[in-house]
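Here's the structure, in structure tokens; my notes come after.
Nothing fancy with the numbering, it's 1 onward along the sequence. Since the model is a prediction, treat every value here as computed from it, not as a measurement. In listed order, ligands and their atoms are each counted from 1.
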Amino acid sequence: MARKKIALIGSGMIGGTLAHLAAKKEMGDIVLFDIAEGMPQGKALDLSQCGPVEGFDAKITGSNDYADIAGADVVIVTAGVPRKPGMSRDDLLGINLKVMKAVGEGIKNNAPDAFVICITNPLDAMVWALREFSGLPHNKVVGMAGVLDSARFATFLAWEFDCSVKDVNAFVLGGHGDTMVPVKSYTTINGIPVDDYAKIKGVSTDRIDEIVDRTRKGGGEIVGLLGNGSAYYAPATSAISMAEAYLGDQKRILPCASYVQGKYGLDGLYVGVPTVIGAGGTEDVVEIELSDEEKANLKVSTDAVEELLEACKGLDESLK
Ligand code: APR
């Protein structure tokens, strides 16, 4: 059987990290694409030379030509501009919308059968726009946010409880912004609801609420510390787990920015929801029971996403 092909559109900080992870895991051959000339080729060469040390045979190439992504099984999109300190993800809208148009057309013309994972921010609007511009089926285009947001929530909870991250199952819904909804009622420490475990460990509700707040602002905290650019290790790791779920037909239930029509009272938008990922792409959206407060928080989050979609439509006639 021929090796799988993974195309990475955008070869910056996340793109390079994705390539390294995918190669180490021998997920397939990798094409690093970017508009910057020389850079993807340079990274591909550098990464290829990890092969003999790490023991992987993945073929890694760099390209500035969309023709080289032809036949890709998975495409992961990070093309665009990351945040600088003081910027919100939404501030990136105008610049990255134009990038999504070019990328969407490149995918449509060269890799229309791929499973496409978008990481570019503002995520929920960009994955929607990328789907519109590419014309791919909704189940083959998904956004990476919830896996990362849940990982941030899980990290902070594990630190607080001084327990293994392996035992924390954290749950985050909604848009990938400061309005995201960490759902405490579905967050468990090896099956024990987080509020119950907090009582056992003598951790106050206020402290858990502080952790929820830190999770919401988790990306911004890293932007502030880095001073130039945004997070890349955990975003790349999160997208790789989604790609593995697709390539391995794992039927994992992962929180992803998926197209939701009908469920959660939503009418055709991309937002973070529990999603089954298997060989069919996003095979199902799981609708869970939410408390009134969680429902209200999800509404605030989805309203914010809807506002961004309106802004996109205002910026590009073809999206109306
Ligand atoms: N086509 C292809 N690549 C592009 C295009 C385009 N039209 N426009 C920009 N790029 C490339 C840049 O040349 C750069 O190499 O996208 C790459 C982005 O890399 P970084 O600037 O290092 O950004 P990164 O940290 O990887 O984040 C990328 O993911 O999490 C989001 O907010 C983040 O939107 C940002 C994206």
| message | For a salt bridge (Lys or Arg N to Asp or Glu O under 4.0 Å) check, start with the C-alpha distance between D73 and R3, then their side-chain angles and the critical distance, and finish with the verdict. | response | CA-CA 10 Å; D73 298 284; R3 285 191 214 168; over 6 Å; no
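- At the shortest separation from atom 8 (N) of ligand 1 among protein heavy atoms lies I35 CD1, 3.4 Å.
- In this structure, P235 does not count as a contact residue of ligand 1, since none of its heavy atoms falls inside 4.0 Å of the ligand.
- Taking a cutoff of 4.0 Å between a charged side-chain nitrogen and a carboxylate oxygen, D284 and K263 qualify as a salt bridge.
- Residue-level proximity to ligand 1 for N96 is carried by the side chain, the only part with a heavy atom below 4.0 angstrom.
- At least one N or O atom of M13 sits closer than 3.5 Å to an N or O atom of ligand 1.
- S63 and D65 form no side-chain donor-acceptor contact under 3.5 Å, judged by distance and modelled atom types alone.
- Nearest to atom 28 (C) of ligand 1 among the protein's heavy atoms is T78 O, 3.0 Å.
- Looking at K24, its side chain never comes within 3.5 Å of a backbone N or O of F56 through a donor-acceptor pair.
- Set against the non-hydrogen atoms of F33, the atoms of ligand 1 under 4.0 Å away are 2 (C).
- Checking Y246 against E244 by side-chain atom types alone, no donor-acceptor pair falls below 3.5 Å.
- Between D34 and ligand 1, an N or O atom pair is found at a separation short of 3.5 Å.
- For the residue pair S134/E105, the side-chain donor-acceptor check at 3.5 Å is not satisfied.
- Looking only at protein heavy atoms, the nearest one to atom 7 (N) of ligand 1 is V99 CG1, 3.6 Å.
- Annotation: atom 19 (O) of ligand 1 to nearest protein heavy atom, G12 CA, 3.3 Å.
- Judged by distance alone, the side chain of Y270 and the main-chain N or O of H138 form a donor-acceptor pair under 3.5 Å.
- Of the protein's non-hydrogen atoms, G80 O, 3.3 Å is the one closest to atom 18 (C) of ligand 1.
- For the pair V81 and ligand 1, a heavy-atom separation below 4.0 Å is found.
- Among A36, A102, A79, P82, the residue whose heavy atom lies nearest to atom 3 (N) of ligand 1 is A79.
- Atoms of ligand 1 lying under 4.0 Å from any heavy atom of M39, numbered from 1 in the order shown and given with element: 15 (O).
- Applying salt bridge (charged side-chain N to carboxylate O under 4.0 Å, His left out) to E221 and the options R214, R216, R83 leaves one that passes, R214.
- No N or O atom of Y66 sits closer than 3.5 Å to an N or O atom of ligand 1.
- With sequence neighbours left out, the side-chain hydrogen bond (donor to acceptor under 3.5 Å, both in side chains) criterion links D46 to no other residue.
- What sits closest to atom 32 (O) of ligand 1 on the protein, heavy atoms only, is N121 ND2, 3.0 Å.
- Shown in contact with T120 at under 4.0 Å from a heavy atom are these atoms of ligand 1, numbered in order with element: 29 (O), 34 (O).
- Closest to atom 26 (O) of ligand 1 among all protein heavy atoms lies I14 N, 2.9 Å.
- Side-chain contact annotation: N139 with E283, donor-acceptor N/O pair under 3.5 Å absent.
- For the pair D29 and K5, the salt-bridge criterion is not met [side-chain N within less than 4.0 Å of a carboxylate O].
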